[in-house]
Amino acid sequence: MDALLTKRKPILAPERYIGPKQKISGSQALLRSLVAEDVNILFGYPGGAIMPVYDALYDFADQLTHILVRHEQGAVHAAQGYARVSGRVGVALATSGPGATNLVTGLADALIDSTPIVCITGQVFAHLLGTDAFQEIDVVNTTIPVTKWNIQVTEAKDIAPAVAKAFYIAKSGRPGPVLIDITKNAQNELIDESEYERCTHIRTYKPKPVLQLAQVNAAAILINNAKRPYLLAGQGVLLSGATGELLAFSEKTGIPVACTLLGLGSFPTDHPNYVGFLGMHGNYGPNLNTNECDVLIAVGMRFDDRVTGNVNKYARQAKIIHMEIDNAEINKIIKTDVAVHADAREALAKLTEKCTPKRYDEWLQSFHRFDEIEFEKVIEHEFNPTGELMMAEVINHLSLFTNGESIVVTDVGQHQMVTSRYYKFKNPRTNVTSGGAGTMGFALPAAIGAKLAMPNKQVVAVIGDGGYQMTIQELGTIMQYKIPVKILVLNNNFLGMVRQWQQLFHKKRYSFTEMQNPDFVKIAQAYGITARKVERREDLQNALQEMLAATTSYFLEVVVGKEDNVFPMVPAGAGVGEVLLEESKR
């Protein structure tokens, strides 16, 4: 992997590599445009309709590193992981037809989780469009619902402007995925080279709203008069770079802060004003006190159903302040008393100026009392169990051994909720997970992208045995490029989250959720990855430390309880105040 990241020459400014005008192909224009946008890593899989781009890529080895994944879904998830930890735009390449449609899951995931990526697909020759040619699929209409913007390019002269617009749209305002579909004739066509022009403005697109001081003043009045104010931090805090502003706001006002799933890392977990994780499997106090606060301040979050539960029972007593860059999210789910349609960083900074310092000792103490109940009913048993290994103790040790400072990439399911509960994220952009789409198979390729973006950071992929097998082929990518990702599979031989619901709400009718799994250790070893399996508690800590100390990729399988459930839990249809701390005895 070191060779991957050190062989490249410094990225040249456009005027350095353009030189005297000469004829270049559309494929060369595309790659020059990517270099001009400061792209240095591409994730992709070649095929017939994108082959001219791959041929041109052969001559860009000093400026663009291409990572050959084993499936196009791996490419788009790797681009997501790269974008999530770096704050830059991730890029994925695929061919036409099935290559392009294999990107759809990742595009949908990136759209709902506001991840800036640009996917570039090859397409059949323009004169064949609409003829059902080999591997022709209408990728533009297929991906309209799962992209922030997309375009089909049929002439080489339009490639560079399309790239410029794509990068601007992907990373501005509320970030999201963009797709460029390029016909094969456009890739081959020769044009005069010209200087690349970045896009900085689109007349009909206003990504950053102008902060309205009247909205900030109205919010400040509510906050300054509140007795039990409460702030919910979403991923918008991270995307806007507002973590410092959030910390300053909370420290000045004394207001407690809880984080959504994607907001984890936006506020230090060891800060006295941090009160926990929100949502269906979040902490007890943060959920219950949603219905006890008198002013609820939502920053960069969209009131997802996993946070609100039954909206008719959500914070009915509170005045709602919603600070959000995407106007479509305001009043979409929860009626807002004061809407601050703005960039979170800009708005929080101004709001802090307007708010007066206060202390809310009794209000904060109420969260701590709920913490004690949660510890007694749930955590104490999970951290000090007898019998089978439990997911919580594994993640607790991982958090302690890494001091909460590693980049942790999770898939979807019980392991994701346990990691969100017990890994103590201390820094921004260290929690990478599939939130709104809940994409199984996300973690392994996303961890590859995260490690290539941050080679000096420890990257640990925490995955369940079900999701792991959906993209297990990306072990080949890890092997080929010697990417030192750490893979921790919590194996309960079940599709654990579905099984938990079947246990609690379907009378333990375990319909097609039990899994007969292969020998994961042998599979990892076949890919040249050091591997170990742990089944006994006395071996766990040593194995985790061995994994973290490894300088190469490492696979660790930990066998956990088959009926290990995740509590607390807000059942579907229930309000956030109706939290289960244990399985009903009925």
Side-chain angles (χ1 to χ4, degrees), residues 1-7 41-45 65-71 73-75 77-82 84-86 90 394-395 397-398 401-402 405-411 415 419 423 430 432-433 441-465 467-491 517-534 539-559:
M1 177 175 163
D2 291 342
L4 279 178
L5 300 172
T6 58
K7 72 173 184 176
I41 293 182
L42 310 172
F43 304 93
Y45 202 95
T65 294
H66 179 275
I67 303 298
L68 175 64
V69 296
R70 297 305 185 262
H71 189 284
Q73 186 179 350
H77 290 329
Q80 287 178 271
Y82 178 93
R84 290 275 288 272
V85 302
S86 69
V394 179
I395 301 304
H397 286 310
L398 178 67
F401 292 154
T402 60
E405 294 180 342
S406 290
I407 294 170
V408 178
V409 187
T410 52
D411 218 81
H415 71 278
T419 303
Y423 194 86
T430 55
V432 181
T433 194
F442 171 85
L444 186 59
I448 291 171
K451 184 62 179 179
L452 289 170
M454 295 290 171
N456 296 321
K457 294 280 289 186
Q458 181 83 266
V459 176
V460 183
V462 180
I463 319 177
D465 51 303
Y468 179 57
Q469 293 178 84
M470 288 194 171
T471 50
I472 195 171
Q473 71 277 355
E474 297 309 327
L475 294 177
T477 307
I478 293 171
M479 173 184 67
Q480 181 166 345
Y481 297 102
K482 297 179 173 54
I483 303 169
V485 168
K486 310 301 168 59
I487 306 160
L488 173 60
V489 168
L490 302 182
N491 183 8
N517 289 321
D519 188 327
F520 290 130
V521 169
K522 286 183 179 178
I523 291 173
Q525 289 172 339
Y527 282 100
I529 297 171
T530 304
R532 181 174 175 181
K533 181 176 182 178
V534 168
D539 298 328
L540 175 62
Q541 294 189 43
N542 173 264
L544 284 170
Q545 290 172 324
E546 182 180 291
M547 177 188 76
L548 295 169
T551 57
T552 60
S553 55
Y554 192 106
F555 172 84
L556 176 61
E557 175 188 0
V558 179
V559 178

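Keep in mind that the numbers below use all heavy atoms, side chains included, and drop hydrogens, waters and symmetry copies. Starting from 1, each residue takes its place in the sequence as its number.
Side chain of Lys451 to backbone of Ala446: no donor-acceptor contact under 3.5 angstrom is found. Side-chain atoms of Gln541 never come within 3.5 Å of backbone atoms of His397 as a donor-acceptor pair (strictly under, hydrogens ignored). Judged by distance alone, the side chain of Arg84 and the main-chain N or O of Thr433 form a donor-acceptor pair under 3.5 Å. Panel note: side chain Lys486, backbone Ala550; a donor-acceptor pair is recorded below 3.5 Å. Side-chain atoms of Tyr468 do not come within 3.5 Å of backbone N or O of Leu444 as any donor-acceptor pair.
Each of Val432, Val485, Val460 was compared with Ile407 under the side chain to side chain contact (heavy atoms under 4.5 Å, CB included) criterion, and only Val432 meets it. Screening Val462, Thr402, Thr430 against Val408 for a side chain to side chain contact (heavy atoms under 4.5 Å, CB included) leaves a single residue, Val462.
Among residues two or more places apart in sequence or in another chain, the salt bridge (charged side-chain N to carboxylate O under 4.0 Å, His left out) test is passed with Asp519 by none. Under the side chain to side chain contact (heavy atoms under 4.5 Å, CB included) criterion, Ala75 pairs with Phe43, Val69, Ala92, sequence neighbours left out. Under the rule for a side chain to side chain contact (heavy atoms under 4.5 Å, CB included), Ala526 has no partner lying at least two apart in sequence or in another chain. In this structure, Tyr527 has no side chain to side chain donor-acceptor pair (under 3.5 Å) partners at least two apart in sequence or on a different chain. Every residue meeting the side chain to side chain donor-acceptor pair (under 3.5 Å) condition with Asn491, not counting sequence neighbours, appears here in chain and number order: Asn517, Glu557. Partners of Glu405 by salt bridge (charged side-chain N to carboxylate O under 4.0 Å, His left out), not counting sequence neighbours: none found.
Residues Met470 and His71 are not in side-chain contact: their nearest non-hydrogen atoms beyond the backbone lie 4.5 Å or more apart. Residues Arg532 and Asp539 are in side-chain contact: their nearest non-hydrogen atoms beyond the backbone lie under 4.5 Å apart. In this structure the side chain of Val534 never reaches within 4.5 angstrom of the side chain of Asn542, judged on heavy atoms. Side-chain atoms of Ser406 and Phe401, non-hydrogen and from C-beta on, never get closer than 4.5 Å to each other. Contact of the Tyr45 side chain with the Leu68 side chain is registered, since non-hydrogen atoms from C-beta on lie closer than 4.5 Å.
Shown here for Tyr82 and Ala453, the closest heavy-atom pair between the two residues is CD1-CB, 3.4 Å. Of all heavy-atom pairs spanning Pro518 and Ile523, the tightest one is CG-CD1, 3.7 Å. When all heavy atoms of Gly441 and Thr471 are compared, the pair lying nearest together is O-OG1, 2.9 Å. What you find for Ile67 and Leu452 is that their closest heavy atoms are CG1-CD1, 3.7 Å. For Glu474 against Pro445, the heavy-atom pair with the smallest separation is CG-CB, 4.2 Å. The shortest non-hydrogen separation linking Phe555 to Val521 is CE2-N, 4.2 Å.
How far CD of Gln545 is from CG of Leu540: 9.5 Å, rounded to the nearest 0.5 Å. Note that OH of Tyr423 and CD1 of Ile395 are 9.5 Å apart. Values are rounded to the nearest 0.5 Å. For the atom pair Ile463 CD1 and His415 NE2, the distance stands at 7.0 Å (nearest 0.5 Å). The CD1 atom of Ile529 sits 13.0 Å away from atom CG of Leu556, with the distance rounded to the nearest 0.5 Å. Going from atom OG1 of Thr410 over to atom CG of Leu488 covers 11.5 Å, rounded to the nearest 0.5 Å.
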Step-by-step side-chain contact (heavy atoms from CB on, under 4.5 Å) determination, Arg70 to Gln480: CA-CA 11 Å; Arg70 297 305 185 262; Gln480 181 166 345; 2.7 Å; yes
